[in-house]
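Some notes on the structure that comes next.
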Amino acid sequence: MHGSEAVGGQCKTSERSVPGKALKGHTFKEFAVRAIVECQNTCERNPRCASYNFYIPGKVCELNSHTKEEKPDHFVTDELRFYMKREGMKYVKLCTPNTLSTGSLHSPYYAIPGRVFTRFCEIRSSKTKPVRLLMSRYTCYEDECLKTPPVCDVNANCKNTLGSYHCSCREGFTGDGNRVLKFSDCLNYRKLTSSDRKVSHGSSPLRCDKSLRHGWYRFQGNAGTKMPTSCVAPHKCSTHATGWLNGAHPSVEEGKVTKKVCFSWGSNCCTWSISIEVLNCGGFFLYHFKGTPPEHPCNLRYCGTD
């Protein structure tokens, strides 16, 4: 016989009895009764009781610490018994700070690492007083995100996982989450996307970066993803003298660094040069341009590559 009852949106199905079945190997208490209702009443008063078997010939109650859902292999046929499970459940807090349970709980309940706890529910009805009922058991693990000192940088978000954790930078910051650097510039920049800025493009149409506004720039799309770090032949990138970064790009940890941009002309890879700032934003680079060398502003242009 089965029935259903909604209890706080969490306990949906109640099971009245299963004739000819019993849960074996999990009985912690046996006692004789005059009426079956005594089994149910005793089980409801015992927090350890999750279900019970009723031995019909002797009118004996067998209180179980688990349910057939938890131990399906131990739920067997027995024509002299019937099985009954506790009804309607609501979780209660049983744990201590700094740990999380692995169970599917509805809020951050806590427990002691390595310990096994009992999960309870509570059935509420207008006809009966609240009764705390055993649902199942669950294990716990440590929440590394609550450790002191923190495992992640103060400017990073910590997400706890089973046996580990993951750090991610907050908006406006860059790094690996363990060491975070504040780079608001990584959120404020202009884009260079024209295909004629790429090193593979010829010199036409002729362009010059003399009028390029001061600020941070990012190479994207058809322009490539970054500046080349080796000499670029003249008459490329839609200009006469081609600009390339003289030196390796910085790492995230280095922050903003000052680099020299060389402009190739004739047989000289660095006929003119200018200092700029370069910033590694984790997944891309930014360059702080301020026009071209004042002693020879045109026709010079900053090139892009992949």
Side-chain angles (χ1 to χ4, degrees), residues 155 168-306:
N155 294 313
S168 59
C169 298
R170 294 177 182 172
E171 186 175 356
F173 298 86
T174 187
D176 60 5
N178 297 299
R179 183 174 184 271
V180 176
L181 304 174
K182 183 176 181 179
F183 295 139
S184 57
D185 297 316
C186 290
L187 302 176
N188 300 287
Y189 55 83
R190 297 183 179 93
K191 300 176 183 180
L192 299 175
T193 61
S194 177
S195 60
D196 61 20
R197 189 175 286 277
K198 206 165 186 180
V199 294
S200 57
H201 189 85
S203 61
S204 179
L206 193 62
R207 301 186 187 280
C208 180
D209 280 340
K210 174 186 176 181
S211 59
L212 198 65
R213 295 173 58 185
H214 290 206
W216 288 100
Y217 289 85
R218 176 183 176 181
F219 287 85
Q220 278 187 298
N222 294 329
T225 59
K226 58 187 176 182
M227 288 192 69
T229 54
S230 58
C231 183
V232 178
H235 302 289
K236 296 289 185 180
C237 314
S238 205
T239 194
H240 285 159
T242 51
W244 57 280
L245 191 67
N246 191 347
H249 284 85
S251 64
V252 171
E253 290 73 22
E254 290 178 285
K256 296 178 185 178
V257 299
T258 299
K259 293 283 185 176
K260 183 169 74 171
V261 172
C262 286
F263 294 89
S264 303
W265 180 245
S267 59
N268 190 342
C269 284
C270 202
T271 303
W272 301 283
S273 66
I274 191 171
S275 294
I276 67 167
E277 283 188 305
V278 183
L279 176 61
N280 187 333
C281 290
F284 58 93
F285 298 103
L286 292 183
Y287 309 87
H288 194 275
F289 295 139
K290 46 187 177 181
T292 52
E295 67 273 21
H296 192 92
C298 286
N299 288 301
L300 286 71
R301 203 175 191 212
Y302 298 99
C303 295
T305 188
D306 291 319

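Throughout, numbering of the chain's residues begins at 1 and tracks the sequence.
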Practice task
Could you go through the side chain to side chain contact (heavy atoms under 4.5 Å, CB included) check for Asp209 and Thr239 one step at a time?
Solution key: CA-CA 9 Å; Asp209 280 340; Thr239 194; over 6 Å; no

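For the pair Pro228 and Val199, the tightest heavy-atom approach, listed with the atom from each and the gap, is CG-CG1, 3.9 Å. The minimum heavy-atom distance between Val278 and Pro250, with the atom names listed, is CG1-CD, 3.6 Å.
In this structure, Cys262 and Cys231 have their SG atoms no less than 2.5 Å from one another.
At least one donor-acceptor pair closer than 3.5 Å links the side chain of Thr242 to the backbone N or O of Ala233. Panel note: side chain His235, backbone Ser238; no donor-acceptor pair is recorded below 3.5 Å.
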Could you tabulate the donor-acceptor pairs under 3.5 Å formed by side-chain atoms of residues 214-222, not counting sequence neighbours?
| residue | atom | partner | partner atom | Å |
| --- | --- | --- | --- | --- |
| Tyr217 | OH | Arg213 | N | 3.3 |
| Tyr217 | OH | Arg213 | O | 2.6 |
| Arg218 | NH1 | Tyr189 | OH | 2.9 |

Identify every side-chain donor-acceptor pair in residues 287-306 under 3.5 Å, counting partners at least two apart or on other chains, and give the distances.
| residue | atom | partner | partner atom | Å |
| --- | --- | --- | --- | --- |
| Tyr287 | OH | Met227 | N | 2.9 |
| Tyr287 | OH | His249 | NE2 | 2.6 |
| Thr292 | OG1 | Pro297 | O | 2.8 |
| His296 | NE2 | Cys298 | O | 3.0 |
| Arg301 | NH1 | Asp196 | O | 3.3 |
| Arg301 | NH1 | Asp196 | OD1 | 3.0 |
| Arg301 | NH1 | Cys237 | O | 3.1 |
| Arg301 | NH2 | Asp196 | OD1 | 3.3 |
| Tyr302 | OH | Gly291 | O | 2.5 |
| Asp306 | OD2 | Lys198 | NZ | 2.7 |

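With a 6.0 Å radius and a threshold of 12 heavy atoms from other residues, nucleotides or ligands, Lys259 has its NZ atom above the threshold.
Rounding to the nearest 0.5 Å gives a distance of 10.0 Å between CZ of Arg190 and CG of Asn188.
Taking 4.5 Å as the limit, every side-chain heavy atom of His201 sits out of range of all side-chain heavy atoms of Ser194.
Annotation: side-chain contact (heavy atoms from CB on, under 4.5 Å) contacts of Ser251 (sequence neighbours excluded): Glu253, Glu254.
Screening residues 261-279 for side-chain hydrogen bond (donor to acceptor under 3.5 Å, both in side chains) gives Trp244-Ser264 as the qualifying pairs, with residues at least two apart or on separate chains.
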